[in-house]
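Data first, discussion second: the structure below is written as structure tokens.
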Amino acid sequence: MRSLRTGLSLTSLVAGLALLLTAPAAHAADTPLRDLGTAKGKVIGTAVTGSKLTGAYGDIAGAQFSSLTPGNAMKWGSVEPTQGSFNWTEADQIVAFAQAHNQQVRGHTLVWHSQNPSWLTNGSWTSAQLGTLLQNHISTEVGRYKGKLAAWDVVNEPFNEDGTYRSTLWYNGLGADYIANALTWARAADPAAKLYINDYNVEGVNAKSTALYNLVKSLKERGVPIDGVGLQAHLILGQVPSTLQQNIQRFADLGVDVAITELDIRMTLPSDSAELAQQKADYKAVTAACVAVARCVNLTVWGFTDSDSWVESTFPGQGAATPYDANYAPKPAYYGIAEALGGTSTPPPTGACGASYSVGSQWNTGFTGTVTISCSGASLSSWKVTWTYGAGQRITQAWNAGCTQSGAAVTCVNASYNGTVPDGGSVSFGFNASWSGSNPVPTVTLG
Ligand code: 9MR
């Protein structure tokens, strides 16, 4: 046995090629959210990033969800960055993944004030030109996916907080009827897709949701095709509107479907067990409100993992908004959704810590690795991580941990200065090792 403790830095380490968790993505006995949803007549979805749909991310997206929404891939700026030159790669990839996993796709989004191509926003258009551009955009994109998508967020975020129309390229250039026209053009391009208007801060009964209500009512009266409203539900911890179910019900009573389209619930970082418990209650309350109304047909989270969320970059100091942590372990929030859908399993009440192993740079005889110990709802004052190499790999030096290797068995313990892993925090250590033939990722155990 050799003791290997050095003080080298981690700077040479590149992003991990492989990641394996000590904790499984969810308890083996848990029923996937998508199956729990089916039993309640609900489709359970997530926003996704196409490039990430492999490995653990792809496994969870495919296993747990029955609907995917491209987070960005179908926006105008993504699909037509240069006028007349289209890029459907990521959108096509997500649709193909969904088909392979028997999932619906919610198209997002056709008419918005944001994430438009610069050629469009910088152009100077007459009203007639703008209308033609919009009609062509809708016909092209909806037509491309005709018969493949369950729904489209045709119009996104048309209202101000006070219920007046938002001043946008579309409203300013075409008037309020851009909404009716967009819906009509979308229906013509794919008669089977359900057509939605989607907005945020319309979850409870308030001026903005009442404006949306009045718009939907008048569109229905005019015979304009409108099938549903999307309540985005980008919520703040502890602030689920008390009128959520009542609001869903009033839209249902108008004769349209309702979807919770972009659910996330952000909190002040670092997260602690009290916040995560509140988040579970909040996710459960939102899901329960959807379960309570038959016409609430879809509940979609805006990214299922904290490593794939818009929140942290948009709200400094806020985050941890999704049901899985950044290492793909389900958080209490996951179980909040599951319980509201009739699932019975519950997470360990004390929270958990786990370790993940990843390979950084690798060359013909050696590689660098990193192991991260993370805690959520629990904490550590010292730690030990063990694994067994399956292909003759040997550790040659380690930093930020004391590692020993005996045969194939590796044991690493904390250094004097990094034994503490707080609730919601993580600690990493690195190592160099040799390999030949193959370099499979071992299962690591914390304890
Ligand atoms: O999740 C999207 C993020 O990656 C983009 O940077 C951002 C740009 O505005 O849009 C995010 O998604 C938005 C969605 O399309 C509409 N509702 C609000 C969402 C969060 O900003």
Side-chain angles (χ1 to χ4, degrees), residues 45-53 57 61 65 67-81 87 89-91 93-94 105-118 120-121 137-138 141-142 145 149 151-161 166-171 179 182 186 195-204 208-209 211-212 228-237 239 241 258-267 286 298-324 326:
T46 181
V48 290
T49 303
S51 60
K52 297 184 177 177
L53 283 169
Y57 183 101
F65 299 97
S67 174
L68 301 183
T69 304
N72 290 300
M74 288 185 173
K75 293 169 181 172
W76 198 335
S78 299
V79 302
E80 195 183 3
N87 182 352
T89 310
E90 189 190 348
Q93 181 204 349
I94 292 168
V105 177
R106 288 187 59 85
H108 176 86
T109 178
L110 297 167
V111 193
W112 194 22
H113 60 272
S114 184
Q115 290 184 285
N116 286 315
S118 53
L120 176 66
T121 51
H137 169 62
I138 291 173
E141 182 154 10
V142 177
Y145 297 108
L149 267 53
W152 270 106
D153 289 331
V154 176
V155 178
N156 200 37
E157 302 173 359
F159 288 110
N160 294 314
E161 298 304 294
R166 186 191 288 267
S167 164
T168 70
L169 176 68
W170 309 115
Y171 180 76
I179 296 173
L195 306 180
Y196 281 67
I197 301 172
N198 189 48
D199 215 326
Y200 63 89
N201 288 351
V202 292
E203 295 75 30
K208 193 174 185 179
S209 66
L212 177 60
V229 294
L231 315 182
Q232 293 185 8
H234 294 293
L235 301 177
I236 295 169
L237 192 72
Q239 296 186 23
V258 177
I260 308 290
T261 50
E262 304 184 14
L263 176 60
D264 52 30
I265 303 177
R266 59 187 182 266
M267 62 181 70
V286 173
N298 181 307
L299 181 135
T300 287
V301 294
W302 203 244
F304 64 83
T305 160
D306 291 338
S307 67
D308 186 42
S309 170
W310 69 297
V311 168
E312 284 176 41
S313 59
T314 307
F315 302 98
Q318 300 280 303
T322 79
Y324 284 81

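One-based numbering, in listed order, for ligands and for the atoms of each.
The protein atom (non-hydrogen) at minimum distance from atom 11 (C) of ligand 1 is Lys75 NZ, 3.7 Å. Asn72 ND2, 2.8 Å is the protein heavy atom nearest to atom 4 (O) of ligand 1. Here the protein heavy atom with the shortest distance to atom 14 (C) of ligand 1 is His108 NE2, 3.4 Å. Summary of contacts: the protein heavy atom closest to atom 1 (O) of ligand 1 is Trp302 NE1, 2.8 Å. Ranking the protein heavy atoms by distance from atom 7 (C) of ligand 1 puts Gln115 OE1, 3.7 Å first. The protein heavy atom nearest to atom 18 (C) of ligand 1 is Glu262 OE1, 3.2 Å.
Using a 4.0 Å cut-off between heavy atoms, Asn198 makes no contact with ligand 1 at all. Neither the backbone nor the side chain of Tyr200 comes within contact range of ligand 1; no heavy atom lies under 4.0 Å.
Heavy-atom contacts of Asn156 reach the following atoms of ligand 1: 16 (C) (cutoff under 4.0 Å). Near Glu157, meaning under 4.0 Å from one of its heavy atoms, ligand 1 places the atoms 16 (C), 17 (N), 18 (C). The contact set between ligand 1 and Trp112, taken as ligand atoms under 4.0 Å from a residue heavy atom, comprises 9 (O), 15 (O), 16 (C). Counting the atoms of ligand 1 from 1 in the order shown, those under 4.0 Å from a heavy atom of Trp310 are 1 (O), 20 (C), 21 (O).
The closest donor-acceptor contact from the side chain of Lys208 to the backbone of Tyr200 lies under 3.5 Å. In this structure, Thr109 contributes its side chain and Asp153 its backbone to a donor-acceptor pair below 3.5 Å. The main-chain N or O of Ser67 is never found under 3.5 Å from a side-chain atom of Arg106 such that the two would form a donor-acceptor pair. Without hydrogens or angle criteria, Gln93 side chain to Gly50 main chain gives a donor-acceptor distance under 3.5 Å. A donor-acceptor pair under 3.5 Å is formed between the side chain of His137 and the backbone N or O of Leu110.
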Next item on the list: Kindly indicate, with the supporting measurements, whether the criterion side-chain contact (heavy atoms from CB on, under 4.5 Å) is fulfilled by Lys75 and His108.
Entry: CA-CA 6 Å; Lys75 293 169 181 172; His108 176 86; 3.7 Å; yes
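In the model, Thr322 has no side-chain atom that pairs as donor or acceptor with a side-chain atom of Asp264 under 3.5 Å. Under 3.5 Å, the side chains of Glu90 and Asn72 contain no donor-acceptor pair of N or O atoms.
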